Amino acid sequence: MRYSKMLIPTLKEDPAEAEVISHKLMLRAGMIRKLATGIYSYLPLARRIFNKVEQIIREEMNRAGGQEVTLPSVQPSDVWEESGRWNLYGKELLRFKDRNSRDFCLGPTHEEVITDLIRREIRSYRQLPLNLYQIQTKFRDEIRPRFGLMRGREFTMKDAYSFDADEGSAEESYDRMFEAYNRIFERCGLEFRAVEADTGTIGGSFSHEFMVLADSGEDAIVSCDSCSYAANVEKAEIKGTDFVSGDRPRPRKGMNKVSTPGMKTVEEVTGFLKVPSRDLVKTLIYESDKGAVAILVRGDHEVNEAKLRSVLGCNELSLAGDETIAETTHAPRGFAGPVGLGVSITADNAVRQMSGFVTGGNEGDAHFTNVNLDDFKVDAFADIRMVTEDDPCPRCNGKLRLSRGIEVGHVFKLGTKYSEALGATFLDANGKEQLIVMGCYGIGVGRTVAAAIEQNHDEDGIIFPVPIAPFQVLILPINIDKNEVRDTSEFLYRSLNEEGYDVLLDDRDESPGIRFKDADLIGIPIRLTVSKRTLKEDVVELKSRRTGEVVLINKDSVLDEIRKRLSG
RNA sequence: CGGGACAUGGCUCAGUCUGGUAGAGCACUGCGUUCGGGACGCAGGGGUCGGGGGUUCAAAUCCCCCUGUCCCGACCA
């Protein structure tokens with residue numbers, strides 16, 4: 001391609017709307033433009049990058065036995081009613097009516113549609129296993145879209161679905177996809193880690209997320225220094241037996257009420273009473289679809305709402321408002337405690353190990369000290385808190401490390417959740433009707449591109465990994481009005497194109513400075529600078545975007561050098 | 001949905017507090033000079049100051065309502 005003919009509207013300054021680096025750089029490099037919150041147009045440069053990533057995905061999916069399909073993105077409510085998710089999915093599901101007032105939605109995912117297809121077409125175990133995938137635009141009316149392509153409302157997703165005759169075979173399908181995902185993200189040049197994950201609304205029994213390690217990531221993950229354990233903090237289990245239990249003397253019975261005027265936060269209370277925060281029990285009032293509940297965690301711990309949700313078995317869960325707090329505790333926010341509380345109490349396992357602790361007094365400006373477990377009734381103990389770096393690895397007791405990640409892929413073992421809901425069955429070898437065992441597997445294409453940029457950039461711009469670069473080589477002629485410069489550039493352009501490389505010839509009538517800056521910004525891996533200065537010696541300059549290395553190469557050996565650098 | 005901020009040529013922003021002729025830099029058009037790291041000169045074009053209402057002789061500026069955008073939390077590829 002000739003740069004002068006391409007729409008690559010680069011920006012000199014950071015746009016005000018962007019906060020994270022990948023978003024800024026994608027806007028500055030002229031890759032994307034925003035139409036509305038979380039909804040973007042992909043310009044030619046972005047399209048080329050997407051095509052590269054999608055091609056890698058296709059090759060690996062096909063290698064793993066997948067077949068590409070395209071399912072409708074406009075979906076009737078019927079199948080969603082059948083799965084039960086028409087009611088469960090909430091506002092994230094963008095719903096609308098057609099001219100006949102029939103309910104439809106824009107597909108946020110395709111379990112319903114694919115299961116509907118499969119239940120009609122699969123009759124026999126001889127047709128299994130089967131793996132179908134698509135690369136398609138999804139729509140989720142996210143509560144808070146942000147960071148450009150990192151969390152859009154409209155986004156490109158590869159979603160795959162596996163169908164198997166039994167659990168064992170389903171696990172093989174899962175492993176094959178797991179393997180394919182590893183290859184895909186490796187080929188995209190990403191530093192990533194597969195971690196155990198929570199299954200969320202998609203449902204299912206078992207899942208892994210593929211996390212690209214980046215400080216700007218929205219997810220926190222823990223990984224073990226000693227073994228292969230890694231998990232999303234939402235999921236990470238806590239080894240229940242390892243809490244330092246009461247080595248300290250058993251305190252005498254009898255709690256004391258103390259005045260704590262205006263002391264609402266854990267820091268304020270513990271600072272005021274001069275006790276460590278781990279000697280306080282934090283009482284949080286939550287509102288769930290089962291009414292108000294009280295949650296107890298140690299003062300230095302945080303509640304994990306994902307765990308809490310599954311422990312309580314509820315969908316709706318949020319911290320209670322001031323009104324509910326006043327109703328349940330008879331005190332303003334900041335003074336809730338378990339003693340004498342009228343609602344059901346769920347406590348974290350760590351609380352079981354505590355004694356002689358501080359709690360709220362259920363009365364304004366008052367706390368209790370020297371409280372013990374027999375001073376109130378806990379309805380259930382469970383693992384309901386976030387892991388910390390101080391917790392031991394749940395597998396090997398090793399040291400856990402916290403880091404941040406961008407979730408670019410997610411694999412789920414679904415089991416028979418959807419086949420049961422929609423009645424997707426087959427006849428086994430014995431002529432017996434069985435439920436199809438399913439799995440589903442997603443990759444956020446745009447997010448993968450954004451993550452790649454987060455991991456590969458410097459102060460001058462993007463540094464694309466070769467496999468996903470929009471062009472592999474950029475030719476930058478300096479004095480294009482000189483015949484020898486133009487002829488050499490054109491010659492290189494033609495020959496590289498003939499060799500099948502993606503080449504961008506910057507033939508714009510712009511100053512060299514502008515073109516050098518743009519070259520760095522859009523991150524093409526190899527830059528060839530052709531100028532009359534070097535042509536005197538019959539050489540052109542080759543610069544690696546990643547290393548900054550500059551070499552002069554005889555113009556007749558350029559092809560060989562590029563071949564050498566771009567192979568493997 | 002809760003909390004915070006912002007909205008002025010294509011972009012980045014000043015002007016708002018203290019009401020009085022809409023500005024700068026970049027970008028854009030034409031001509032000329034430049035040409036290895038965001039060049040220079042001259043001449044130009046381009047803005048209902050997010051929208052609506054109000055106060056005032058007078059509103060980008062003060063007041064009310066709405067909309068949009070961004071950031072922090074719960075949702076997710």
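Model, not experiment: these values are computed from the prediction. To find a chain, count down the sequence lines: A is the first, B the second, and so on, and within it residues start at 1.
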Peer 1: Have A/D159 and A/Y161 got a donor and an acceptor in their side chains that come within less than 3.5 Å?
Peer 2: yes
Peer 1: Sort out the partner of B/G23 for me: Watson-Crick or G-U wobble, both distances under 3.5 Å, none otherwise.
Peer 2: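 Result: B/C13.
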Peer 1: List for me each residue that meets side chain to side chain contact (heavy atoms under 4.5 Å, CB included) alongside A/D507, sequence neighbours excluded, and say none if there are none.
Peer 2: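 Applying side chain to side chain contact (heavy atoms under 4.5 Å, CB included) to A/D507 gives A/R2, A/Y3, A/S4, A/I480, A/L505.
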Peer 1: Which label fits A/W80 and A/Y89: parallel for a plane angle under 30°, tilted from 30 to 60°, or perpendicular past 60°?
Peer 2: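 Perpendicular.
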Peer 1: Counting only Watson-Crick pairs (N1-N3 plus N6-O4 or O6-N4) and G-U wobbles (N1-O2, O6-N3), all under 3.5 Å, who is the partner of B/U18?
Peer 2: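 Looking at the geometry, B/U18 pairs with no nucleotide.
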Peer 1: Would you measure the distance from the P atom in B/A24 across to the matching atom in B/C70 and give it in whole Å?
Peer 2: 30 Å
Peer 1: Whole-Å distance between B/G10 C1' and A/K12 NZ?
Peer 2: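 My rounded result for the distance is 14 Å.
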Peer 1: When both hydrogen-bonding distances must be under 3.5 Å and the geometry is Watson-Crick or G-U wobble, what is B/G44 paired with, if anything?
Peer 2: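 Across all strands, the one nucleotide that pairs with B/G44 is B/C28.
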Peer 1: Looking across every strand, which nucleic acid part, if any, lies under 4.0 Å from A/D14 by heavy atom: base, sugar-phosphate, or nothing?
Peer 2: sugar-phosphate
Peer 1: Please report the distance separating the P of B/G52 from the corresponding atom of B/U67, rounded so that it comes out in whole Å.
Peer 2: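 Result for the P pair: 15 Å, nearest Å.
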Peer 1: Between B/U55 and B/C63, how far apart are the two C1' atoms, rounded to whole Å?
Peer 2: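 B/U55 and B/C63 have their C1' atoms separated by 7 Å.
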Peer 1: Report the residues that fulfil ring-ring contact (aromatic ring centres under 6.0 Å, His included) with A/F192, sequence neighbours left out, ordered by chain and then residue number.
Peer 2: A/F185
Peer 1: So which protein nitrogen or oxygen atoms get under 3.5 Å of nucleotides 69-72 of chain B's nitrogens or oxygens?
Peer 2:
{"unit_1": "B/U69", "atom_1": "OP1", "unit_2": "A/T37", "atom_2": "N", "d": "2.8"}
{"unit_1": "B/U69", "atom_1": "OP1", "unit_2": "A/T37", "atom_2": "OG1", "d": "2.7"}
{"unit_1": "B/U69", "atom_1": "OP2", "unit_2": "A/T37", "atom_2": "OG1", "d": "3.1"}
{"unit_1": "B/U69", "atom_1": "O5'", "unit_2": "A/T37", "atom_2": "OG1", "d": "3.0"}
{"unit_1": "B/U69", "atom_1": "O3'", "unit_2": "A/K34", "atom_2": "NZ", "d": "3.0"}
{"unit_1": "B/C70", "atom_1": "OP2", "unit_2": "A/T37", "atom_2": "OG1", "d": "3.0"}
{"unit_1": "B/C72", "atom_1": "OP2", "unit_2": "A/R144", "atom_2": "NH1", "d": "3.2"}
{"unit_1": "B/C72", "atom_1": "OP2", "unit_2": "A/R144", "atom_2": "NH2", "d": "2.3"}
{"unit_1": "B/C72", "atom_1": "OP2", "unit_2": "A/R146", "atom_2": "NH1", "d": "3.4"}
{"unit_1": "B/C72", "atom_1": "O5'", "unit_2": "A/R144", "atom_2": "NH2", "d": "3.2"}

Peer 1: Could you check how far CG of A/N304 sits from P of B/A74, rounded to whole Å?
Peer 2: 10 Å
Peer 1: Test for a donor-acceptor pair under 3.5 Å between the base of B/C75 and the side chain of A/R309, counting only N and O atoms.
Peer 2: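 In this structure, the two groups form no donor-acceptor pair.
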Peer 1: Rounded to whole angstrom, note down the C1' distance from B/A60 over to B/U21.
Peer 2: 14 Å
Peer 1: Under the salt bridge (charged side-chain N to carboxylate O under 4.0 Å, His left out) rule, collect the residues that match up with A/E68, sequence neighbours excluded.
Peer 2: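 A/E68 satisfies salt bridge (charged side-chain N to carboxylate O under 4.0 Å, His left out) with A/R58 once adjacent residues are dropped.
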Peer 1: Where the side chain of A/I143 is defined as all heavy atoms beyond and including C-beta, which of B/A77, B/G38, B/C75 is the nearest nucleotide?
Peer 2: B/C75
Peer 1: Hydrogens and angles aside, do A/E407 and A/H410 bring a side-chain donor and acceptor to less than 3.5 Å of each other?
Peer 2: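 A pair is found: one side chain offers a donor N or O, the other an acceptor, under 3.5 Å apart.
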Peer 1: Partners of A/R47 by salt bridge (charged side-chain N to carboxylate O under 4.0 Å, His left out), sequence neighbours excluded?
Peer 2: A/E54
Peer 1: Given atom NZ of A/K307 and atom P of B/A74, what is their separation to the nearest angstrom?
Peer 2: 15 Å
Peer 1: Going by the rule side chain to side chain contact (heavy atoms under 4.5 Å, CB included), which residues pair with A/K532 if we only count those two or more places apart in sequence or in a different chain?
Peer 2: A/N479, A/K482, A/E484, A/V485
Peer 1: A/R28 near the nucleic acid: base, sugar-phosphate alone, or nothing, with a heavy-atom cut-off under 4.0 Å?
Peer 2: base
Peer 1: For A/E305 and for A/L149, locate the closest nucleotide of RNA chain B by heavy-atom distance; then report the residue assigned to the nucleotide nearer the 5' terminus.
Peer 2: A/E305
Peer 1: When all nucleic acid strands are considered with a 4.0 Å heavy-atom cut-off, which category describes A/G446: base, sugar-phosphate, or nothing?
Peer 2: nothing
Peer 1: Rounded off to whole Å, could you give me the CZ-to-P distance for the A/R85 and B/C75 pair?
Peer 2: 16 Å
Peer 1: Scan residues 50-65 of chain A against RNA chain B and write down, sorted by residue number, each residue with any heavy atom closer than 4.0 Å; if none is found, say none.
Peer 2: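 RNA chain B contact set from residues 50-65 of chain A: none.
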Peer 1: Using both distances under 3.5 Å as the test, list the Watson-Crick or G-U wobble partner of B/U33, or none.
Peer 2: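 Answer to the pairing question: B/A39, which forms a Watson-Crick or G-U pair with B/U33.
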Peer 1: Looking just at side-chain N and O atoms, do A/Y418 and A/R85 make a donor-acceptor pair shorter than 3.5 Å?
Peer 2: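 Short answer, yes.
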Peer 1: Restricting both atoms to N or O, compile the protein contacts to nucleotides 34-36 of chain B shorter than 3.5 Å, with distance only.
Peer 2:
{"unit_1": "B/C35", "atom_1": "O2'", "unit_2": "A/N479", "atom_2": "ND2", "d": "3.3"}
{"unit_1": "B/G36", "atom_1": "N7", "unit_2": "A/S531", "atom_2": "OG", "d": "3.4"}
{"unit_1": "B/G36", "atom_1": "O6", "unit_2": "A/S531", "atom_2": "OG", "d": "2.4"}
{"unit_1": "B/G36", "atom_1": "N1", "unit_2": "A/E541", "atom_2": "OE1", "d": "2.9"}
{"unit_1": "B/G36", "atom_1": "N2", "unit_2": "A/E541", "atom_2": "OE1", "d": "2.3"}
{"unit_1": "B/G36", "atom_1": "N2", "unit_2": "A/E541", "atom_2": "OE2", "d": "3.0"}

Peer 1: Between atom CD1 in A/I406 and atom P in B/C76, what is the gap in whole Å?
Peer 2: 18 Å
Peer 1: My understanding is that only residues two or more places apart in sequence, or in another chain, count here; which of them pass side chain to side chain contact (heavy atoms under 4.5 Å, CB included) with A/P44?
Peer 2: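 Expected list: A/M6, A/L7.
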Peer 1: Nearest whole angstrom, please: distance from the C1' of B/A77 to the CD1 of A/I184.
Peer 2: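 About 13 Å, once rounded to whole Å.
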Peer 1: Which whole number of Å gives the distance between the C1' atom of B/A7 and that of B/C49?
Peer 2: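 Pairwise C1' distance, B/A7 against B/C49, rounds to 10 Å.
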Peer 1: May I ask you to say what A/P9 touches in the nucleic acid, namely base, sugar-phosphate or nothing, with a heavy-atom cut-off under 4.0 Å?
Peer 2: nothing
Peer 1: Going by purine N1 to pyrimidine N3 plus the second Watson-Crick contact, or the G-U wobble pair, all under 3.5 Å, which nucleotide sits opposite B/C76?
Peer 2: none
Peer 1: Please report the distance separating the P of B/G19 from the corresponding atom of B/C75, rounded so that it comes out in whole Å.
Peer 2: 49 Å
Peer 1: Measuring only the P atom in each nucleotide, how far is B/C65 from B/A74? A whole number of Å is fine.
Peer 2: 30 Å
Peer 1: A/L11 has an atom CG; how far is it from atom C1' of B/C28, in whole Å?
Peer 2: 14 Å
Peer 1: Once you apply a heavy-atom cut-off of 4.0 Å, does A/K543 come out as touching a base, just sugar-phosphate, or nothing?
Peer 2: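 Base, at least one base atom sits under 4.0 Å.
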Peer 1: Which residue pairs pass the side chain to side chain donor-acceptor pair (under 3.5 Å) test with at least one member in residues 28-46 of chain A, sequence neighbours excluded?
Peer 2: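 Counting only pairs at least two positions apart or across chains, the side chain to side chain donor-acceptor pair (under 3.5 Å) contacts touching residues 28-46 of chain A are A/H23-A/Y40.
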Peer 1: Residues two or more places apart in sequence or in another chain: which of them pass salt bridge (charged side-chain N to carboxylate O under 4.0 Å, His left out) with A/E267?
Peer 2: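 For A/E267, no residue satisfies salt bridge (charged side-chain N to carboxylate O under 4.0 Å, His left out) once neighbours in sequence are set aside.
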Peer 1: Roughly how many Å apart are B/U48 and B/C11, using the P atom of each and rounding to a whole number?
Peer 2: 14 Å
Peer 1: Look through every strand shown and name the nucleotide pairing with B/C6 as Watson-Crick or G-U wobble, where both distances are under 3.5 Å.
Peer 2: B/G68
Peer 1: Measure CD/A/E13 against P/B/G10 and give the value in whole Å, please.
Peer 2: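 In whole Å, B/G10 P and A/E13 CD are 15 Å from each other.
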Peer 1: Classify the side-chain pair A/R486/A/N483 by whether it contains a donor and acceptor separated by less than 3.5 Å.
Peer 2: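 Yes, because at least one side-chain N or O of A/R486 sits under 3.5 Å from a partner of the opposite role on A/N483.
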Peer 1: Applying side chain to side chain contact (heavy atoms under 4.5 Å, CB included), can you list everything that pairs with A/V558, at least two apart in sequence or on another chain?
Peer 2: A/L492, A/L528, A/V540, A/I553, A/I562
Peer 1: Does any nucleotide pair with B/A60 by Watson-Crick or G-U wobble geometry, both distances under 3.5 Å, and what is it?
Peer 2: none
Peer 1: Any donor-acceptor pair under 3.5 Å joining the side chain of A/R151 to the base of B/C76?
Peer 2: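 Counting by modelled atom types and ignoring angles, a donor-acceptor contact under 3.5 Å is found here.
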Peer 1: Out of curiosity, A/R404 CZ to A/I221 CD1, how far, rounded to the nearest 0.5 Å?
Peer 2: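 Rounded to the nearest 0.5 Å, the CZ-CD1 separation comes to 9.5 Å.
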